[in-house]
2 protein chains.
Amino acid sequence: MSLNRLPKAYPCGRPRASRKARPLSEAERTELEQKLDRYQVAQSLNRSQTRGKIFGVVVGQTDHFTGPELVAKVRKAHSEIGPATVYRNLRLLLDAGVLRESLTDREGQSLYEVQRAEHHDHVVCLDCRAILEFHEVGIESLQNAVLKKLGFREVHHSHVVYAHCEYRERRE
Amino acid sequence: MSLNRLPKAYPCGRPRASRKARPLSEAERTELEQKLDRYQVAQSLNRSQTRGKIFGVVVGQTDHFTGPELVAKVRKAHSEIGPATVYRNLRLLLDAGVLRESLTDREGQSLYEVQRAEHHDHVVCLDCRAILEFHEVGIESLQNAVLKKLGFREVHHSHVVYAHCEYRERRE
DNA sequence: ATGAATGCAAAGGTTTTGCACCCCC
DNA sequence: GGGGGTGCAAAACCTTTGCATTCAT
């Protein structure tokens, strides 16, 4: 096999898209809106219509998405909005805590998702690219103990496990 | 503050570059060489001189480095080698397990490092960008228990904590 | 009125690809 | 000899930036 053609995907039999996160509740949406508002006030920013539209698209996302995907989604709903504006607001929403950069997919692209109240970490299936979420309190508390010992105060973290899933295992 | 000028760095007083990892031992270096050899054989790849040179530069790295940094380092030692070749070999070395993509820095760039026998995770200082390493067996075992329950078999993982350090704390 | 936000186009930076030529086995 | 590897240049891609204009307060 030549260097020029390294495989990028190793498909397994896992059913696709079986993992849609639940949509935001009305309360969560309101909470995020207030978060954005507070950030805008704190930073003396304006409340623009365009930002409102982008926010609307963003909080409608249940899955993880890349920058270009967000650009496309925004553009689909509001064709007048260009990439530059989307990226400027993407960064702002990250800073405001409305979004978070949750992981890097196996192609090395950043994936973003809406910041929810309950934190979670990720498992990426190396076969079918499915992304699952997990939360284990014990891990977090051990992590915080380590950080404290090192003299740090955590702001956020990214814990991603890349793994083969049982679907592949069965075929080996 | 305008959207166009979001701050990217918040310097703290931590002394820079206080954290150099130790260089590879001769044994480790040999082990990596064999790993590469095995990979080349398994994939029916050739042993080229250029790849050897790049390997040489790579195993001389003690710190984390980005793609462009590796390009520059290789070029400095071997000016005839271009970016395309470096990137092709970077990917190959990742696939061979000689390197690993260890984390994404706060600018969103991937950082690579030599794969060592002892696994470790990372803390990134949000103030001075220092990168520290930690290893906590308890975290790993909890993680593996979770993965098993979900029906996955871990291949590798990335656990990065972004945090403020005590140096900043003291000044607040 | 003043600074923030947008839209466009252009630039920037990183990584990949096409292709002719060379090297390894 | 045949496939793998390299080097160069060009392309592809994602993201940021400059600037004139519009919007929010």
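In what follows, chains carry the letters A, B, and so on, assigned in the order in which the sequence lines appear, proteins first and then strands, with residues in each chain numbered from 1.
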Run B:Glu31 and B:Arg38 through salt bridge (charged side-chain N to carboxylate O under 4.0 Å, His left out) and show every step you take. CA-CA 10 Å; B:Glu31 167 58 34; B:Arg38 285 195 299 273; 3.7 Å; yes
[N] phosphate, OP1 or OP2, under 4.0 Å from [X] side-chain N/O:
{"X": "B:Thr85", "N": "D:dG7", "answer": "yes"}
{"X": "A:Ser44", "N": "C:dA4", "answer": "no"}
{"X": "A:Tyr87", "N": "D:dT15", "answer": "yes"}

[X] [atom1] to [N] [atom2], straight-line distance once rounded to whole Å:
{"X": "A:Glu101", "N": "D:dT15", "atom1": "CD", "atom2": "C1'", "value": "13 Å"}
{"X": "A:Ile54", "N": "D:dC23", "atom1": "CD1", "atom2": "C1'", "value": "15 Å"}
{"X": "A:Tyr112", "N": "D:dC14", "atom1": "OH", "atom2": "P", "value": "12 Å"}
{"X": "B:Asn89", "N": "C:dT17", "atom1": "CG", "atom2": "P", "value": "15 Å"}
{"X": "A:Phe65", "N": "D:dC14", "atom1": "CZ", "atom2": "P", "value": "15 Å"}
{"X": "B:Arg91", "N": "C:dT16", "atom1": "CZ", "atom2": "C1'", "value": "8 Å"}
{"X": "B:Glu107", "N": "C:dG12", "atom1": "CD", "atom2": "C1'", "value": "15 Å"}
{"X": "A:Asp105", "N": "D:dC14", "atom1": "CG", "atom2": "P", "value": "11 Å"}

Does the side chain of A:His122 pick up a donor-acceptor pair with the side chain of A:Glu113 at under 3.5 Å? yes
Quick check for you: among [options], whose closest atom lies nearest to any side-chain atom of [X]?
{"X": "A:Arg88", "options": "C:dT6, D:dT15, D:dT16", "result": "C:dT6"}
{"X": "A:Ala84", "options": "C:dA9, C:dG18, C:dT6", "result": "C:dA9"}
{"X": "A:Gln109", "options": "D:dT6, C:dG7, D:dC14", "result": "D:dC14"}
{"X": "A:Ile81", "options": "D:dT16, C:dG7, C:dT15", "result": "C:dG7"}

Any donor-acceptor pair, under 3.5 Å, between the side chain of B:Arg51 and the base of D:dG4, if you only look at N and O atoms? no
Within the supplied structure, the quantity of interest is the number of heavy atoms (other residues, nucleotides, ligands) at a distance under 6.0 Å from B:Glu80 CD; does it exceed 12? yes
Look at B:Glu33 together with B:Arg47 and state whether they make a salt bridge at an N to O cut-off of under 4.0 Å. no
Does a salt bridge link B:Glu136 with A:Lys149, judged by any charged N lying under 4.0 Å from a carboxylate O? no
Is the ring pair A:Phe65/A:Tyr112 parallel, tilted or perpendicular, if the boundaries are 30 and 60 degrees? tilted
Where the side chain of A:Glu140 meets the backbone of A:Val137, is there a donor-acceptor pair that is under 3.5 Å apart? no
N/O to N/O distances under 3.5 Å, protein versus nucleotides 20-25 of chain C:
from	atom 1	to	atom 2	distance (Å)
C:dC24	OP1	B:Gln49	OE1	3.2

